[in-house]
Amino acid sequence: MPELPEVEVTRLSFADRIAGAQIQSVRVGKPLRWPLGIEPNALVGRQVQVVRRRGKYLLVDLDQGLLLLHLGMSGSLSFVQQAPEPGKHDHFDLQTSRGTLRLNDPRRFGAVVFADSEDDSQAQKLLGKLGVEPLAGDFDPLRFHRALVQRRAPIKQVLLAGDVVVGVGNIYASEALFLAGIRPTTRASRLSKPRAARLHQAIGQVLARAVEKGGSTLRDFSNAHGESGYFQLEAMVYGRDGQACKVCGTPIKAIRQGQRSTFFCPQCQKP
DNA sequence: AAAAGCCCCTGGATGC
DNA sequence: TGCATCCAGGGGCTTT
């Protein structure tokens with residue numbers, strides 16, 4: 001579910017409220033993707049400092065170490081003063097002096113991992129190969145083009161891989177490629193400098209807009225306040241198989257690339 | 001090195 | 001409130 005916009009919207013919805021809180025108890029439910037990596041009780045008494053984001057990971061800095069949170073496909077966080085009894089899909093609770101941060105994740109592809117520092121091997125295994133942040137200043141079109149030229153895979157799959165640029169998942173990859181007028185099957189290495197620059201711009205544009213709209217709520221995404229997102233209403237191609245292109249009226253096509261669905265307009269998007 | 005497949009897991013939608 | 005099948009916003013790991 002959660003791509004960069006959903007993760008960022010989630011972060012914004014609780015970061016200020018949890019900053020400075022002291023951890024009072026930790027509850028773990030069913031196993032998530034990876035073990036926590038620390039005895040839960042060892043976190044009690046530590047203080048939450050800031051909540052950052054790297055790609056689709058949330059980094060919760062503590063006064064000693066940090067927690068890496070990933071929402072996987074179906075995860076969402078809530079942060080409330082008084083948490084109700086945990087439901088069957090509530091698999092992690094961080095009860096603090098300011099409220100309880102709770103991870104709900106039916107499919108359990110998500111994770112909460114403790115690391116002593118961002119540089120240690122535990123954290124680097126997850127963060128080490130991540131590409132550039134698309135909403136940060138160091139995402140520049142020429143560098144982007146130079147990276148793409150070395151990849152022969154279809155551009156959609158290069159975007160999803162996350163080692164060139166992070167945060168672009170299945171929805172926003174299709175949307176950005178539509179905005180850029182690029183066919184998702186085009187080999188990344190065949191993109192000209194101007195087309196790469198156009199894609200670079202489209203990625204920034206679509207992600208920023210999605211953050212503004214609170215992310216996309218397709219089935220059940222909500223931020224830590226429980227609020228839905230509305231970007232899906234603005235989707236140009238994602239989930240619109242067979243429907244008319246909003247620009248030219250041509251039916252949108254759905255294909256599969258690397259076991260993921262891809263949507264594009266055969267008229268507006270050139271190989 | 002890069003690319004392609006596989007798989008983790010649950011639940012909703014659809015078809016029979 | 002039957003059963004089988006397919007699909008879903010991710011990504012690490014293994015194999016080519």
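Residue numbering restarts at 1 for every chain, and letters A, B, ... go by the order of the sequence lines.
Residue contacts for Arg260(A): at a heavy-atom cut-off of 4.0 Å it reaches a base atom on one of the strands shown. Nucleic acid contact for Gly169(A): sugar-phosphate only, since backbone atoms but no base atoms lie under 4.0 Å from a heavy atom of the residue. Using a 4.0 Å heavy-atom cutoff across all strands shown, Arg152(A) reaches sugar-phosphate atoms only and no base atom. Counting non-hydrogen atoms under 4.0 angstrom, Tyr172(A) reaches nothing in the nucleic acid. Arg187(A) comes within 4.0 angstrom of no nucleic acid atom, judged by non-hydrogen atoms across all strands.
The separation between Leu126(A) atom CG and dG10(C) atom C1' is 13 Å, rounded to whole Å. The distance between atom CZ of Phe221(A) and atom P of dG11(B), rounded to the nearest whole Å, is 20 Å. Look at CE on Met73(A): it is 14 Å from P on dG12(C), rounded to the nearest Å. Taking atom CG of residue Asp105(A) and atom P of nucleotide dG10(C), one finds them 13 Å apart after rounding to whole Å. Atoms CG (Leu4(A)) and C1' (dG10(C)) sit 14 Å apart, rounded to a whole Å. For the pair Lys156(A) NZ and dA4(B) P, the interatomic distance rounds to 13 Å; values are reported in whole Å. Rounded to a whole Å, the NZ atom of Lys125(A) is 10 Å from the P atom of dG12(C). Between the CD atom of Gln257(A) and the P atom of dA4(B) there is a distance of 10 Å, rounded to whole Å.
Side-chain contact of Gln95(A) with Ser25(A): a donor-acceptor pair under 3.5 Å is present, judged by distance alone. Side-chain contact of Asn223(A) with Thr10(A): a donor-acceptor pair under 3.5 Å is absent, judged by distance alone.
In this structure, the nucleotide among dT10(B), dG10(C), dA3(B) sitting nearest to the side chain of Lys30(A) is dT10(B). For Gln157(A), the side-chain atoms get nearest to dA4(B) when compared with the rest of dA4(B), dA3(B), dG11(B). Across dG12(C), dC9(B), dA2(B), the shortest atom-to-atom separation from the side chain of Arg108(A) is found for dC9(B). Counting only heavy atoms from C-beta on, Pro154(A) has its side chain closest to dA4(B) among dA2(B), dA4(B), dC6(B). Taking the side chain of Trp34(A) as heavy atoms from C-beta on, and the options dG10(C), dC6(B), dG12(C), the nearest nucleotide is dG12(C). Proximity note for Pro106(A) (side chain, C-beta onward) versus dA8(C), dG11(B), dG5(B): the nearest is dG11(B). For Lys56(A), counting side-chain heavy atoms from C-beta on, the closest listed nucleotide (dA2(B), dG10(C), dA8(C)) is dG10(C).
For dC9(B), the base is not stacked against the aromatic ring of Phe109(A), per a cut-off of 5.5 Å between centres and 30° between planes.
Rounded to whole Å, the separation between the P atoms of dC3(C) and dC9(B) comes to 23 Å. The P atoms of dC6(C) and dC6(B) are separated by 15 Å, rounded to the nearest whole Å.
Judged by closest nucleotide on DNA chain B, Arg33(A) is the one of Arg33(A) and His89(A) placed further toward the 5' end. The nearest heavy atom of DNA chain C to Asn170(A) and to Tyr57(A) marks one nucleotide each, and the one closer to the 5' end goes with Asn170(A).
Checking dA4(C) for Watson-Crick or G-U wobble geometry (two distances, each under 3.5 Å) identifies dT14(B) as its partner.
Donor-acceptor pairing under 3.5 Å, judged by distance alone, is present between the side chain of Arg107(A) and the base of dA8(C).
For the pair Arg151(A) and dA3(B), the criterion of a side-chain N or O lying under 4.0 Å from OP1 or OP2 is met. Here His70(A) does not reach the OP1 or OP2 of dG10(C): none of its side-chain N or O atoms lies under 4.0 Å away. Put simply, Lys88(A) has a side-chain N or O that comes within less than 4.0 Å of OP1 or OP2 on dG11(B). The phosphate of dA8(C) has OP1 or OP2 within less than 4.0 Å of a side-chain N or O from Ser261(A).
Relative orientation of the Phe139(A) and Phe144(A) rings is perpendicular, given thresholds of 30° and 60° on the angle between their planes. Aromatic ring orientation, Tyr172(A) versus Phe231(A): tilted (interplanar angle from 30° to 60°).
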task: Take Phe79(A) and Thr100(A) through the test side-chain contact (heavy atoms from CB on, under 4.5 Å) and record every step on the way to the result.
output: CA-CA 5 Å; Phe79(A) 186 72; Thr100(A) 298; 5.8 Å; no

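The shortest heavy-atom contact between Glu133(A) and Val166(A) is OE2-CG2, 3.5 Å.
Salt bridge present: Arg52(A) and Asp61(A) bring a charged side-chain N and a carboxylate O closer than 4.0 Å.
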